Structure formats: structure tokens, C-alpha cells
Amino acid sequence: MERGATQVSALRIVGVRAVELVAEGEAELVRDSRVLTADRVIYNELTDEATADGNVRLSQEDDWLIGDWARLIVHEWVGELDRPRYVFSRQSQARPGVAPRTIVGTGGADVVYFEGENRYRMVNATWTTCEPEDPDWFIRAADLELDYDREVGVARGATLVFKDTPILWWPRMSFPLAEQRQSGFLVPTIGVSNKTGFDLAVPYYWNIAPNYDATITPRLMGRRGLQLGGEYRYLSQNYSGEIRGEWLPKDRVTGESRSLGAIQHDHRITRRLRASLDYNWVSDDDYFEDLSSRIAVASRVNLLRQGRMSYQGDWWSVQGLLEGYQTLDGFGPYRRLPQLLLSAYRADLPAGLAFGFSGEYVDFKHKDSAFAEGRRTHLRPQLSLPIRTAGYFLTPRVSLNHTRYDLGRSLVGGRDSITRTVPVFSIDSGMFFERDSAFLGQSYRQTLEPRLFYVRVPYREQRDLPIFDSGRFDFGFAQLFSENRYVGVDRIGDANELTVAVTTRFIEQSSGAERLRATLAQKYYFDEQRVTLNELGKPAVEDARVRRRTDVLAAVSGRVTQAVSVDSLWRYDPFDGETQRFNFALRYNPEVGRVLNVGYRYARELLDGREGLKDVDFSAQWPLGNRWYGVGRITRSIKENRVTEAVAGVEYLSTCGCWTFRTAAHRFATNPDRVTNALFFQLELTGLGGIGPSPVNLLTRSVPGYGKINEPMSDRYFGTD
């Protein structure tokens with residue numbers, strides 16, 4: 001049948017062709033993908049109008065409506081249908097990391113009006129993503145508009161009904177038909193915290209354009225008062241950003257006005273030139289501690305304020321930045337006003353040589369006058385000869401560190417400037433051996449990979465140099481294979497040392513997957529340490545090393561079976577016969593929604609000299625039966641004899657899969673005297689959104705391997721979860 005042609009069939013057809021036909025008994029009218037069936041159909045070809053009576057069914061691809069009586073102008077898709085039941089099916093948009101899925105909306109009404117292709121208006125109607133028969137939840141509206149071109153539904157005089165109980169009434173409610181963003185009030189979020197009390201937020205989302213949006217959020221906190229928050233986001237081909245703000249006119253607890261502001265902007269000026277801005281501000285030091293129920297936010301102490309510009313060449317790059325902080329606790333780091341960085345690398349030099357260069361100029365400022373200030377220029381050219389084959393690698397490297405300080409006040413000895421030049425020589429080498437092996441009936445390829453890393457750095461007196469941004473590496477594998485034992489360039493440690501390491505891996509031959517990796521390493525010193533972090537005229541902060549070798553580091557990690565994985569690190573002091581650090585994590589994760597984690601952390605002493613820690617950690621997500629899932633975590637400090645963080649919750653996935661319920665209680669303490677308790681309740685309605693604050697991010701962070709028991713949903717903020 002030709003496209004656009006109309007075909008009418010029935011048990012009996014009477015009338016005049018090209019004028020009006022009356023089809024009775026299993027009557028069917030077909031045009032392209034549109035099909036109208038009924039007991040009786042009258043079709044006027046001159047007006048292209050069809051009238052149907054008795055067991056009426058209208059379908060187009062995966063959409064269909066059934067009712068008692070219908071009138072329809074077929075090509076315009078304009079008309080009406082009495083007492084309809086309907087099913088509309090649409091594909092959601094694909095997003096990074098989330099595959100598109102089918103969103104099915106169903107319901108009924110007293111009458112539906114067809115208002116053109118993909119547009120419907122209904123009277124006394126319902127809409128849900130549950131099964132059509134006896135849905136667990138639905139929107140009931142006096143007037144309901146469904147626009148599948150814009151993928152937006154608008155319900156006036158709307159009531160949200162869950163389990164036959166009205167739980168929310170709204171004079172005008174808009175909602176996505178295929179997980180698409182649109183303007184309107186979002187579902188309110190309700191929570192409880194010992195810091196804020198009863199917590200209610202009613203966000204309004206404004207979909208300004210496909211690449212611009214804004215959210216205005218009034219938030220009522222029982223203990224604190226009424227807060228107004230806002231967020232504006234923008235996205236274009238060459239730039240993107242976000243502006244956020246919060247304002248609490250008067251905190252009922254402190255009696256003060258409290259506020260927050262943040263700007264993040266990234267701009268691609270040309271293909272090679274980029275600029276960015278990240279500026280954050282709060283009105284007082286306790287803002288996050290008092291007003292946030294998330295540990296990652298409540299524990300923030302330094303708010304970044306940074307402007308950056310960078311240019312990327314073919315084999316070199318340059319960037320400049322202005323960087324400062326708002327410090328909420330302590331002295332805070334130095335400000336960099338400005339910092340200029342230059343880096344280059346070329347691996348195509350004659351004889352296989354590779355050239356590298358890094359340099360910087362930075363002017364350090366500090367708000368505390370007790371801290372030294374000044375300018376530092378650092379240049380580091382290097383030349384290496386990487387040699388790599390299937391069985392071994394060898395990389396000798398030589399570099400030169402040249403640094404100049406120009407200070408705002410005189411150093412010890414009366415100087416206000418000083419230079420330091422330190423050459424560095426290193427050789428990194430390793431070999432690869434393989435053999436076939438078997439374990440527990442499985443064939444593996446086992447590797448043996450010894451590695452030697454030698455560094456030679458001559459001694460240079462550096463106690464008269466200030467410490468701007470340098471510190472000790474935390475002892476680990478990164479430090480064992482580093483040319484400098486310090487982070488930053490204020491100290492270049494003297495060295496005549498050799499790191500010896502060996503790694504073995506078990507690779508499953510059938511799949512090529514690495515099942516297990518084990519590494520053992522230790523560093524040997526041939527000279528005593530002379531360079532430290534100590535400064536002339538200041539108390540000592542580091543004792544020089546006297547031992548000729550480091551502690552032994554051992555690590556074992558891998559996915560032992562499809563369900564069991566392990567990750568462990570052991571640092572052992574062979575001189576005192578004591579364990580300095582031990583981390584262990586075991587995970588059992590046979591399938592999504594089933595995970596058990598056991599963790600243990602021990603450290604005799606922290607890097608900054610503080611007393612060490614001894615923590616045990618248990619977390620899990622597991623089915624409880626009848627589609628209920630339990631989820632929780634508890635972290636206990638054995639040394640302090642207290643629980644530092646605890647999470648407990650339950651989740652329920654409905655039989656039909658169209659709604660999910662979650663509740664979680666969260667307790668954490670950034671220090672023993674500041675404890676935060678929060679309670680989360682969320683009812684997530686598939687295709688519509690969630691009622692209440694979502695604990696998903698909390699559960700994902702707290703329980704490694706946590707699996708969301710329902711399909712991922714998007715919200716109206718650029719489709720993020």
C-alpha cells in the first residue's frame with residue numbers, strides 16, 4: 001500500500017467510494033502506521049474524518065488507546081475518544097554511562113482530545129509508569145496534557161496517589177514523559193538532622209533553554225530558619241559553568257546571617273587555549289558543619305579560589321594561575337599570586353633520546369605575617385634514554401634542578417635571595433618472565449617481574465631555604481620509585497639509594513583477566529641522610545634517617561574469584577619487628593544488590609606525627625526477602641573506642657518495578673565533640689522522580705560495590721542522577 005493511502009476493511013462495507021463508507025463488523029481503517037479498529041467505522045473521504053463506535057482501538061507503532069466512541073480527522077490527528085484507556089511508549093535519551101530505556105506511560109480518563117501529532121489533552125485522567133491494571137501509584141488530574149514532542153506532561157488539579165492513598169496535592173504539576181527536563185516544581189525533599197531539625201526543601205526548576213537551566217530552592221530548617229538557595233548552569237560548545245548561592249537571613253541558633261557562593265567556569269577560547277575559574281566562599285567557618293548532613297561537605301576546611309589559563313602546544317604546554325583559599329580551620333596553605341608553569345616533552349630525538357622540561361615561577365603569599373613570603377623560580381630540564389623490549393626495560397635519566405628564591409624579608413645571614421642547583425641521576429630497570437601454571441583447576445599465566453630503581457642526588461645545604469609547599473611523601477610504592485623523597489621542590493633530598501621490588505601476576509588464560517597481583521619492595525641506602533625539612537632558626541620538624549634500609553612494603557590485590565576480591569597493604573619494620581601499617585579489605589560481591597565488605601586499617605603513626613589509628617569497617621547490601629534489601633556500614637575506631645561513622649538503611653523494589661523505597665540513617669563525627677545525625681526517606685517513582693532526599697550517593701560512598709536495585713533515573717539537571 002502506498003504511503004498516505006487509506007485502506008478500510010470489515011465484514012460488511014456500504015456507501016459511496018470517495019465520499020463516505022460505513023464499515024461494520026471487525027471494521028479496520030489503516031493509514032501508514034495508524035490503525036483504527038471498532039465494531040463500526042464511518043469514514044468520510046472528503047473530510048478525512050472517521051467516526052468509530054464500539055470496542056474502539058487506536059494504535060500507532062507502540063502507542064495505543066481503547067474506548068467506547070471516537071471521532072478523528074486522520075491526517076491531522078485531531079478528534080476525541082470517550083472513556084479511554086491508553087499506553088504510550090517512548091525511548092529515553094542516551095547519556096554517558098547510561099543506556100537508553102523504554103518509558104511506558106499508562107492511564108485512563110473520561111475523555112481524551114487529540115490535538116495533533118503526539119499531543120493529547122484529557123479530562124479527569126490518570127498517568128503512571130506502573131502496569132495499567134491496579135497501578136501502585138498514579139497521578140490523578142482534573143486536566144492532563146501529554147506532549148510527546150516536548151516530552152512533557154502537565155497535570156492541573158493534580159494529586160499523587162500511592163497505594164490508594166493521596167500523598168501530595170499540587171495545583172499544577174509538570175513531569176517528564178521520557179526522562180526529559182522541563183520547567184516546574186520538583187518533588188519536595190524532606191529530611192531530619194540534629195543540626196538543622198526538620199528539613200524541607202521545595203525546588204523550582206527552570207528549563208531556560210536546552211543548554212541553560214536554573215533551580216531556585218527555598219529550604220525550611222526547623223532549628224535554623226528559612227534559607228533561599230539557587231543554582232544557574234550553562235553549557236555551550238566552547239564553555240560551561242555553574243553559579244550557586246545560598247542565603248539564610250537569620251540563623252535561629254547563632255542569630256547571624258549566613259551565606260554561600262560558588263562559581264565554576266571552564267572556557268575553551270581556541271583549540272589550544274583554555275581558561276577556567278573556580279571560586280568558593282562561605283560566610284563563616286562552621287557553615288558546612290552546621291548546615292550540611294554529608295560528611296564529605298561537613299569536613300571541608302579549605303575552599304579553593306583559583307583562576308587558570310593554559311595553552312597546549314604540540315609538545316609543550318604553558319599555564320598561569322592565581323590561587324588562594326578561604327580557610328575554615330587553621331592557618332591554611334600559601335596563596336599563589338601568580339604561578340606560571342611550563343612543561344615540554346619530546347621523545348623523537350636522535351639515538352632514541354627523550355627530552356623533558358618543567359619550570360615554574362610562583363609568588364607565595366600568606367595571610368599570617370609569621371610565614372615567610374617570596375618568589376620562587378624553578379627550572380628542571382631532563383634527558384633520558386628509554387629502552388624497552390618484550391623481556392626487559394631500561395631507562396637511564398639525568399636532570400638538573402635549578403631554583404632561585406627572592407624573599408620579602410632577609411634570610412638568616414642577611415640574604416634576601418638564594419639559588420640552589422642539584423643534578424639528579426636515576427636508572428629504572430626491570431625484566432619480565434612468564435610461565436604457565438594451574439590453581440584450583442584453572443589455567444593461568446604467571447609473571448615474575450623484578451625491578452631495580454637507582455637514584456643518585458648529591459648533597460646541597462638547604463636549611464636556609466623556606467618551606468612553601470613541600471612536605472614528606474607518605475611512605476608507599478610511589479615514594480619508593482620517586483627521584484625525590486619530598487613533595488614539592490623546596491627540598492631536593494640527597495640520595496644514593498636502590499629500590500628492589502618484585503611483582504608477580506596471575507592472568508587467567510581463558511579470558512586474559514588479571515586475577516591476582518602481589519608486590520614486595522624495599523629501599524636500600526648507601527649514604528646517611530643530610531637534607532631534611534628543618535629550617536634555620538626554627539624548631540626541627542624532621543629527624544634525619546639513620547637506618548640503611550626502609551621498612552618492607554608488601555601488597556596483594558585482585559579478584560580471586562568472580563565474587564571475591566581482596567586488597568591489602570603491609571608495611572613491616574624489620575629492625576623493631578613491628579608492623580607500621582596494615583590495610584586489608586575483603587569483598588564478596590556475587591551479583592548486583594549482594595555485597596559484603598570487611599576492612600581493617602592500622603597505622604602506628606600518621607605522616608604529620610599525630611597518633612596513629614586502628615579502625616575496623618563492616619559494610620553490606622543484601623536481600624532480606626520479599627524484595628527488601630538491607631544496607632549499612634559501621635566504622636569503629638578501636639584506638640579511640642568510638643564509632644566514627646555509621647549508616648543503616650533498607651530498600652524495597654516493587655514487584656512491578658515502577659517504584660522504589662529507601663530509608664537510611666547516617667551518623668558521623670568529624671571529631672569526638674561534633675556529631676551529626678541525619679535521616680533520609682525517599683520514594684522513587686519510575687519515570688517521575690523521587691520524593692524526599694536521595695540516600696543513593698551516601699550508600700554508594702559508604703558501601704563499596706553498592707548496586708542500585710532499580711534502573712538508573714535522570715533528574716532535570718542535565719540528566720544527571
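Treat the numbers as computed from the prediction; the structure is a model and nothing was measured. Here, residue 1 is the first one in the sequence, and each next residue gets the next number.
Between the side chain of T660 and the main chain of E684, no donor-acceptor pair closer than 3.5 Å is present. Between the side chain of N194 and the backbone N or O of N677 there is at least one donor-acceptor pair closer than 3.5 Å. Listed for the R627 side chain is a donor-acceptor partner under 3.5 Å among the backbone atoms of L653. Formation of a donor-acceptor pair under 3.5 Å by the R85 side chain with backbone atoms of P132 is found in this model. Counting only distance, with no hydrogens or angles, the side chain of D110 and the backbone of D82 share no donor-acceptor pair below 3.5 Å.
Salt bridge absent: R40 and D53 never bring a charged side-chain N and a carboxylate O closer than 4.0 Å. Ion pair D199/R223 not flagged as a salt bridge, since none of the NZ, NE, NH1 or NH2 atoms sits closer than 4.0 Å to an Asp/Glu carboxylate oxygen. With respect to R662 and E651, a salt bridge is recorded, a charged nitrogen being found less than 4.0 Å from a carboxylate O. No salt bridge links R244 with E246; every basic N to acidic carboxylate O contact stays at or beyond 4.0 Å.
The distance between the ring centers of Y652 and W628 falls below 6.0 angstrom. Y234 and H265 have their aromatic ring centers within a separation under 6.0 angstrom. The distance between the ring centers of Y120 and F114 falls below 6.0 angstrom. For W206 and Y212, the ring centers sit 6.0 Å or farther from each other. In this structure, the ring of Y148 has its center less than 6.0 angstrom from the ring center of F88.
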Worksheet item: Would R633 and T635 count as a side-chain hydrogen bond (donor to acceptor under 3.5 Å, both in side chains) if you check the C-alpha gap in whole Å, the side-chain angles of each, and the deciding distance to 0.1 Å?
Response: CA-CA 7 Å; R633 174 186 179 180; T635 303; 3.2 Å; yes

Discussion item. Test side-chain contact (heavy atoms from CB on, under 4.5 Å) on I139 and T159; report intermediate values, then the result.
Written reply: CA-CA 6 Å; I139 295 174; T159 303; over 6 Å; no

Fill in: Trace of the side-chain hydrogen bond (donor to acceptor under 3.5 Å, both in side chains) decision for Q264 with D278
CA-CA 5 Å; Q264 284 82 40; D278 190 347; 3.0 Å; yes

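Counting only heavy atoms from C-beta outward, the side chains of L683 and I167 approach each other to under 4.5 Å. In this structure, L277 and I263 have side chains that are in contact, with non-hydrogen atoms separated by less than 4.5 Å. At a threshold of 4.5 Å between non-hydrogen side-chain atoms, the residues D213 and Y205 count as touching. The side-chain heavy atoms of V560 and V566, taken from C-beta on, include a pair separated by under 4.5 Å. Taking the side chain as every heavy atom from C-beta outward, R224 and L248 approach each other to under 4.5 Å. By the 4.5 Å heavy-atom criterion applied to side chains, E131 and T106 are not counted as neighbours.
The side-chain hydrogen bond (donor to acceptor under 3.5 Å, both in side chains) test with H75 singles out one residue from D48, D32, T6, and that residue is D48.
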